[in-house]
Peer 1: 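This is the structure, below, for whatever I ask next.
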There are 2 protein chains.
Amino acid sequence: MELNQHIKIAVDAIVFGYQENSLNVLLIKQKYGALKNQWALVGGFVKDGETLHTAVNRELAEEAGIKVNYLEQLYTFGDDVNRDPRFQVISVAYFALVNSTKLIIKADTDAEDAQWFPVNDLPKLAFDHQLILNTAKQRLKNKLTYQPIGFDLLPKEFLFSELENLYCTILEKEIDRRNFRKKILSFGIVEETEKFGNKKNGRPAKLFKFNKLKYNKLTKEGFIFDIYFA
Amino acid sequence: MELNQHIKIAVDAIVFGYQENSLNVLLIKQKYGALKNQWALVGGFVKDGETLHTAVNRELAEEAGIKVNYLEQLYTFGDDVNRDPRFQVISVAYFALVNSTKLIIKADTDAEDAQWFPVNDLPKLAFDHQLILNTAKQRLKNKLTYQPIGFDLLPKEFLFSELENLYCTILEKEIDRRNFRKKILSFGIVEETEKFGNKKNGRPAKLFKFNKLKYNKLTKEGFIFDIYFA
DNA sequence: ATTTATATGCGTAAATTTTACGCAAAAATA
DNA sequence: TATTTTTGCGTAAAATTTACGCATATAAAT
């Protein structure tokens with residue numbers, strides 16, 4: 001077979017975190033190479049013999065040193081042959097969620113600098129990374145309504161007000177606090193703990209936790225997570 | 001930059017059609033090459049300088065000679081480095097819908113054979129194409145409930161019973177005929193024509209058509225297509 | 001010609017879910 | 001002690017979903 005193909009393949013990861021009522025994304029500035037001094041998504045070329053999944057996990061470890069709560073393939077970008085000015089590169093983008101309250105970005109990585117940026121206040125990004133990020137934002141917005149992935153952005157135990165704010169912030173919508181709580185609780189996948197959060201004001205609020213096992217069980221029985229608010 | 005990468009990139013297309021109350025998929029059997037005498041999805045290697053979109057459209061034209069109603073990227077398969085026994089190949093899979101009632105596929109030429117197969121009665125497929133197909137089936141099932149893509153499998157003008165059967169068949173569910181009709185009509189995106197279908201038995205049924213422009217307009221205003229039946 | 005079978009088109013009551021709030025309780029602060 | 005703030009629970013009205021009934025229009029059977 002004559003196959004003269006010189007296209008290269010890369011993986012990129014959009015890592016979302018949620019801090020102080022803001023949806024943030026992890027960006028990297030590399031020490032060396034083509035991306036020196038430019039903010040970019042975590043990512044790099046796939047190595048021979050490596051799977052896509054291995055490649056993206058390796059990049060997450062090497063460049064950011066983080067363990068994500070959620071990771072799924074987002075989209076493969078290859079409709080602009082000049083998206084990388086050096087040569088033709090197709091990028092398989094992944095979409096990751098972390099509980100960023102416990103994130104410490106290691107110093108001894110390939111990255112010169114790594115920082116959280118609010119998705120609504122980003123610096124100029126390398127290549128077509130802004131397009132990739134927009135796609136990821138849209139996916140997150142959609143998926144939040146039909147899969148229980150919001151929990152992957154919060155600590156294991158959280159307040160209902162935190163969950164509610166996360167939904168309002170990401171979906172950019174007003175949601176009635178009481179109806180939101182009722183609906184989430186009606187699913188039976190979130191459980192009350194004995195602990196209380198430490199907010200300054202108001203009545204002390206119980207901490208809740210997401211029961212993933214219960215969710216998986218219910219899903220097998222036909223349950224469909226769905227929260228949409230007009 | 002030292003980049004010694006030998007992974008090759010291909011595109012594959014899962015083409016769905018709907019005939020005689022059956023969801024079918026288009027398969028190709030090549031007479032030469034690595035896929036000789038094996039049923040496989042439409043697909044092939046991406047050429048240097050070609051976009052993914054161009055590549056998949058080229059393959060659809062070359063191998064099947066069809067014009068599809070709907071095309072979207074499905075998933076990129078690259079988590080099994082031996083999915084192609086020859087060398088490491090990553091495949092970007094696309095998902096296509098056609099109105100196969102008036103479709104003439106390029107049958108049995110000297111280079112290949114092309115045929116429709118019911119998705120529930122398939123021959124053994126090449127490589128990991130069965131996995132790709134399963135992914136596509138699941139995507140179709142999901143998407144059918146939240147995007148008006150069922151119309152892309154039917155003729156421009158169709159009977160309500162045809163639309164209803166399509167939903168029942170693909171979702172593998174019983175749906176109340178009268179409630180289904182009411183719900184679809186309530187969206188205001190399907191219009192009655194003056195024409196009637198030619199069924200053998202029963203009261204003559206009006207032909208309907210999908211108004212895509214209206215759908216796009218409503219979507220901009222916040223409308224969300226959604227048909228789920230317990 | 002009349003009856004029977006089949007599929008269509010419209011309607012409606014009951015059950016369920018969503019929506020829009022009211023309000024008391026538990027804490028911090030003035 | 002009063003005020004402010006946030007939480008937690010409740011409930012009535014509105015909207016939607018669900019489960020059907022039934023007349024109608026045609027072809028096929030008698």
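Fair warning: this is a prediction, and the values are worked out from it, not measured in the lab. Reminder, nothing fancy here: chain letters follow the sequence lines and each chain counts from 1.
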Peer 1: Which nucleotide sits closest to the side chain of B:P204: D:dA25, C:dC21, C:dC10?
Peer 2: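 The listed nucleotide nearest to B:P204's side chain is D:dA25.
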Peer 1: For B:R181 and C:dG11, give me the distance from atom CZ to atom P, rounded to whole Å.
Peer 2: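 Distance, rounded to whole Å: 11 Å.
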Peer 1: B:K199 has a side chain; which of C:dT29, C:dT8, D:dG10 sits nearest to it?
Peer 2: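 Looking only at side-chain atoms, B:K199 lies closest to C:dT8.
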Peer 1: Please report the distance, rounded to the nearest Å, between CG in B:D226 and P in C:dT17.
Peer 2: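 From B:D226 CG to C:dT17 P: 15 Å.
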Peer 1: Parallel, tilted or perpendicular: which fits the ring planes of B:F160 and B:F208, with parallel below 30° and perpendicular above 60°?
Peer 2: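 Perpendicular, since the angle between the ring planes exceeds 60°.
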Peer 1: What is the distance, rounded to the nearest whole Å, between atom CG of A:L185 and atom C1' of D:dG8?
Peer 2: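 After rounding, the gap between these two atoms is 10 Å.
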Peer 1: Have a look at A:R178 and say if it touches a base, only the backbone sugar-phosphate, or nothing, with a 4.0 Å heavy-atom cut-off.
Peer 2: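 Base contact.
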Peer 1: C:dC10 P sits how many Å from B:F160 CZ, rounded?
Peer 2: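 So the CZ-P distance, B:F160 to C:dC10, works out to 10 Å.
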Peer 1: Once you round it to whole Å, what is the distance between C1' of D:dC20 and CD1 of B:I175?
Peer 2: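 Value for this atom pair: 17 Å.
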Peer 1: Counting side-chain heavy atoms from CB outward, which of C:dT19, C:dG11, D:dT7 is closest to B:K182?
Peer 2: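 Within the option list, the nearest is C:dG11.
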Peer 1: Among the nucleotides D:dT5, D:dT18, D:dT7, which one has an atom lying closest to any side-chain atom of A:N201?
Peer 2: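 Nearest to the side-chain atoms of A:N201, counting from C-beta on, is D:dT5.
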Peer 1: To the nearest Å, give me how far apart CZ (B:F229) and P (D:dT18) are.
Peer 2: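 Distance check: B:F229 CZ to D:dT18 P gives 7 Å.
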Peer 1: Give the minimum heavy-atom separation between B:L207 and B:G197, together with the two atoms involved.
Peer 2: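 Smallest heavy-atom distance, with atoms named: CG-N, 3.8 Å.
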Peer 1: Quick check, are the ring centers of B:Y146 and B:F225 under 6.0 angstrom apart?
Peer 2: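 Not close enough - the centres of the two rings lie 6.0 Å or further apart.
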Peer 1: Report the residue (A:E192 or B:K200) whose heavy-atom-nearest nucleotide on DNA chain D is the more 5′ of the two.
Peer 2: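 So the residue in question is A:E192.
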Peer 1: Which whole-number value in Å describes the distance from A:L159 CG to D:dG8 P?
Peer 2: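 Checked: the CG to P distance equals 8 Å.
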Peer 1: Check every strand shown and say whether A:K206 touches a base, only sugar-phosphate, or nothing at a heavy-atom separation below 4.0 Å.
Peer 2: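 It contacts sugar-phosphate atoms only.
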Peer 1: In whole angstrom, what separates A:F180's CZ from C:dT19's C1'?
Peer 2: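 About 16 Å, once rounded to whole Å.
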Peer 1: Closer to the 5' end of DNA chain D via nearest nucleotide, is it A:G202 or A:D176?
Peer 2: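 The answer here is A:G202.
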Peer 1: Among the candidates D:dT5, D:dA19, C:dC21, find the nucleotide nearest to the side-chain atoms of B:N179.
Peer 2: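 Among the listed nucleotides, the one closest to the side chain of B:N179 is D:dA19.
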Peer 1: Looking at C:dT18, D:dA19, D:dT6, which one has an atom nearest to any side-chain atom of A:K183?
Peer 2: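 Of all the options, the side chain of A:K183 is nearest to C:dT18.
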Peer 1: Considering the options A:Y70, A:F95, A:Y94, which one meets the ring-ring contact (aromatic ring centres under 6.0 Å, His included) requirement together with A:F16?
Peer 2: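 Only one option passes, and that is A:F95.
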Peer 1: Counting side-chain heavy atoms from C-beta on, which of D:dC9, C:dA24, D:dA19 comes nearest to A:R203?
Peer 2: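 Among the listed nucleotides, the one closest to the side chain of A:R203 is C:dA24.
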Peer 1: Name the one of A:Y18, A:F151, A:F158 that satisfies side chain to side chain contact (heavy atoms under 4.5 Å, CB included) with A:L166?
Peer 2: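 So, applying the side chain to side chain contact (heavy atoms under 4.5 Å, CB included) to A:L166 and each of A:Y18, A:F151, A:F158, only A:Y18 qualifies.
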